[in-house]
Novice: 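Mind having a look at this structure? Questions to follow.
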Amino acid sequence: MTARRGARAAPLLALLLCSGCFRLLPSRGGGETRFEPPRRIEPADVALPAGYRIEPVAQGLTFPTSVAFDGEGGVYVTEAGYSYGEVVLEPKLLRVEPDGRTTLVASGRNPPWNGATFADGAFYIGGGHLAHGQILRVTRDGRVSVLVDSLPSLGDHHTNGPVLGPDGWLYWGQGTATNAGVVGPDNYDYGWLQRYPRFHDVPCADVTLAGRNFTTANPLTPEDDRATTGAFVPFGVATTAGQVIRGRPRCGGAVLRVRPTGGEPEVVAWGLRNPFALAFSPDGALYATENQYDVRGSRPVFGAGDLLWRVQPGVWYGWPDFYAGRALNQEWFDPPGGRPRPELLLARHPNAPPRPAALLGVHSASSGIDFSRGPAFGHAGQAFVAQFGDLAPTVGKVVSPVGFKVVRVDVASGVIHDFAVNRGSTNGPASRLGGGGLERPLGLRFDPTGAALYVVDFGVMTTVDGQPRPRPGTGVLWRISRAPGTAPGAAPEDTP
């Protein structure tokens with residue numbers, strides 16, 4: 001969308017409100033397509049506002065997740081070493097040379113490496129899934145040490161890359177184990193329930209349960225039996241009304257922080273499903289993108305778009321019982337086909353959840369975020385968000401591809417504008433449109449001068465037989481800047 005958040009969405013919204021229509025239509029996600037390598041790279045296939053240009057900086061990357069800059073003008077990218085689809089490789093920190101080649105700085109054994117920031121002469125990297133989540137410290141000569149260990153990253157969502165706050169602390173997002181608070185067969189499909197059958201969500205403070213339980217097939221046994229599972233407990237464990245689950249500082253669904261010198265992590269805010277990326281605005285406020293509920297598992301949630309939050313210390317943001325300030329047991333969340341809406345899991349809630357700064361697309365996987373800080377790029381004080389794109393039908397059905405672009409958000413009004421989007425008669429990744437533009441933008445960061453926006457493109461990921469299929473060696477690092485001859489100052493016009 002450009003000038004008005006809902007203008008182009010009205011016909012689609014009317015279609016979605018017809019639950020029978022939605023139920024009968026096939027899913028048409030961005031990854032539900034065929035891909036024949038190699039990946040084409042054509043900057044002209046990306047539409048930008050007048051006065052901007054895009055160019056590839058590095059190609060042939062495998063599952064890149066973030067870009068960072070050292071204090072001497074160097075450009076670095078992290079390669080995750082892991083992707084949904086249960087592809088496990090070696091996570092890496094790479095230096096991008098001026099000619100686009102990459103040089104290995106450091107590697108590890110506990111993927112994924114989900115992001116990096118540079119501070120006090122070293123890189124700080126968040127990640128970990130095969131073992132517990134970690135915050136790592138990596139020197140420019142490749143020495144790796146653990147700053148924070150034993151974070152709850154064995155489930156669906158992981159430890160996400162840190163950012164340095166104006167107070168000198170490192171802040172990061174810690175994702176939840178499950179989609180909506182209950183371990184179920186979908187977590188077996190994601191690959192971790194069989195590895196860690198006792199793993200489950202951990203709250204940041206004590207919570208009192210309503211005693212809701214869910215009976216499903218038991219994928220851990222060869223017999224055709226059933227398992228009953230409650231919230232915040234291992235698979236196959238039932239809960240009772242009034243049961244108290246103890247909170248811990250190393251919790252999921254939270255924004256955490258630690259000093260760069262180490263120490264015990266502190267909880268900043270919680271009740272967030274997957275706070276994927278954080279950024280501080282020019283006025284010092286902390287913002288987080290949140291990947292929201294999917295239509296899967298024991299407790300599917302329909303119609304929950306990703307969110308942008310202005311993070312307030314000490315606040316609970318609503319997961320697993322609210323979305324954007326709305327309780328999930330409201331008519332708003334009635335799924336198509338007459339299925340029951342979700343019931344609330346908690347008997348009492350820590351506070352009334354706030355409303356978000358902006359509502360992003362359902363299944364858009366809105367991920368990386370950064371703020372423009374001055375006239376060199378334009379749109380000072382506004383947020384730029386990378387949208388990885390849907391993984392339908394794994395996360396739920398969509399009738400048209402969602403995401404696969406970079407959007408600009410006026411955080412004061414919540415209005416969202418397309419900024420970098422593939423040309424074509426419909427939205428979607430380049431592999432679906434037959435072009436050479438963006439595939440799955442995942443991370444982004446302005447360079448230290450503020451004149452260029454670097455966009456990390458994860459690469460091609462299709463969905464085959466309902467499962468993600470990532471393609472190694474298809475990732476790209478892009479750079480967006482003012483076109484030659486464009487004067488700094490007022491921002492150029494939006495994309496037509």
Side-chain angles (χ1 to χ4, degrees), residues 37-44 46 52-83 89-108 111-127 136-144 161-164 368 370 376-377 384 386 406 420 430 436-460 470-484:
R39 176 184 176 178
R40 289 174 50 203
I41 305 297
E42 296 289 348
V46 180
Y52 289 94
R53 64 175 179 175
I54 186 169
E55 55 191 326
V57 176
Q59 304 178 34
L61 303 172
T62 293
F63 311 156
T65 53
S66 67
V67 58
F69 307 92
D70 65 16
E72 300 176 355
V75 182
Y76 298 76
V77 294
T78 53
E79 289 188 335
Y82 172 85
S83 173
L89 302 170
E90 186 179 43
K92 299 176 181 178
L93 175 65
L94 305 174
R95 183 173 64 251
V96 179
E97 308 296 351
D99 61 1
R101 293 180 300 108
T102 58
T103 301
L104 177 66
V105 176
S107 61
W113 284 3
N114 282 337
T117 194
F118 186 81
D120 297 332
F123 295 93
Y124 293 87
I125 297 175
L136 304 175
R137 185 179 188 274
V138 181
T139 61
R140 278 186 285 195
D141 59 2
R143 290 175 294 164
V144 181
V163 297
L164 184 68
D370 202 5
F377 190 86
F384 290 77
V406 175
L438 302 170
E439 283 292 335
R440 292 186 177 272
L442 179 62
L444 51 75
R445 189 76 58 85
F446 281 94
D447 72 356
T449 70
L453 177 63
Y454 283 71
V455 178
V456 178
D457 186 334
F458 188 82
V460 178
R471 309 304 171 94
T474 60
V476 176
L477 177 65
W478 302 88
R479 179 171 55 221
I480 301 175
S481 59
R482 289 289 185 88

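From a predicted model like this one, the values you see are computed outputs, not experimental measurements.
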Novice: Can you find a side-chain donor-acceptor pair between Tyr454 and Arg445 that sits under 3.5 Å?
Specialist: no
Novice: Residues in side-chain hydrogen bond (donor to acceptor under 3.5 Å, both in side chains) with Thr102, at least two apart?
Specialist: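 Partners of Thr102 by the side-chain hydrogen bond (donor to acceptor under 3.5 Å, both in side chains) criterion come out as none, since no residue qualifies.
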Novice: Closest heavy-atom contact between Ala116 and Ile125?
Specialist: CB-CG1, 3.7 Å
Novice: Ignoring hydrogens and angles, state whether a donor on the side chain of Glu79 or Thr62 is under 3.5 Å from an acceptor on the partner side chain.
Specialist: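 Absent: no donor and acceptor within the cut-off.
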Novice: Considering all heavy atoms of both residues, which atom of Ala420 and which atom of Val46 are nearest to each other, and what is their separation?
Specialist: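 It is CB-CG1, 4.1 Å.
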Novice: Applying side chain to side chain contact (heavy atoms under 4.5 Å, CB included), run through Leu453 and Phe384 and close with a yes or a no.
Specialist: CA-CA 9 Å; Leu453 177 63; Phe384 290 77; 4.0 Å; yes
Novice: Return the orientation label for the Phe63 and Phe458 ring planes: parallel under 30°, perpendicular over 60°, tilted otherwise.
Specialist: parallel
Novice: Between the side chains of Arg140 and Asp70, is the shortest nitrogen-to-carboxylate-oxygen separation below 4.0 Å, so that they form an ion pair?
Specialist: yes
Novice: Considering all heavy atoms of both residues, which atom of Ala106 and which atom of Val138 are nearest to each other, and what is their separation?
Specialist: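 For Ala106 and Val138, the tightest heavy-atom pair comes out as CB-CG1, 3.6 Å.
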Novice: Which heavy atom in Thr65 sits nearest to a heavy atom in Asn114, and how many Å separate them?
Specialist: OG1-C, 3.7 Å
Novice: With a 6.0 Å cut-off on ring centres, are Phe377 and Tyr52 close enough?
Specialist: yes
Novice: How far apart are the closest heavy atoms of Arg39 and Gly437, and which atoms are they?
Specialist: NH2-O, 2.9 Å
Novice: For Ile480 and Val455, what are the C-alpha separation, side-chain angles and deciding distance, and is it a side chain to side chain contact (heavy atoms under 4.5 Å, CB included)?
Specialist: CA-CA 8 Å; Ile480 301 175; Val455 178; 4.0 Å; yes
Novice: With Arg40, which residues qualify under side-chain contact (heavy atoms from CB on, under 4.5 Å), at least two apart?
Specialist: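 So Arg40 forms a side-chain contact (heavy atoms from CB on, under 4.5 Å) with Glu42, Asp45.
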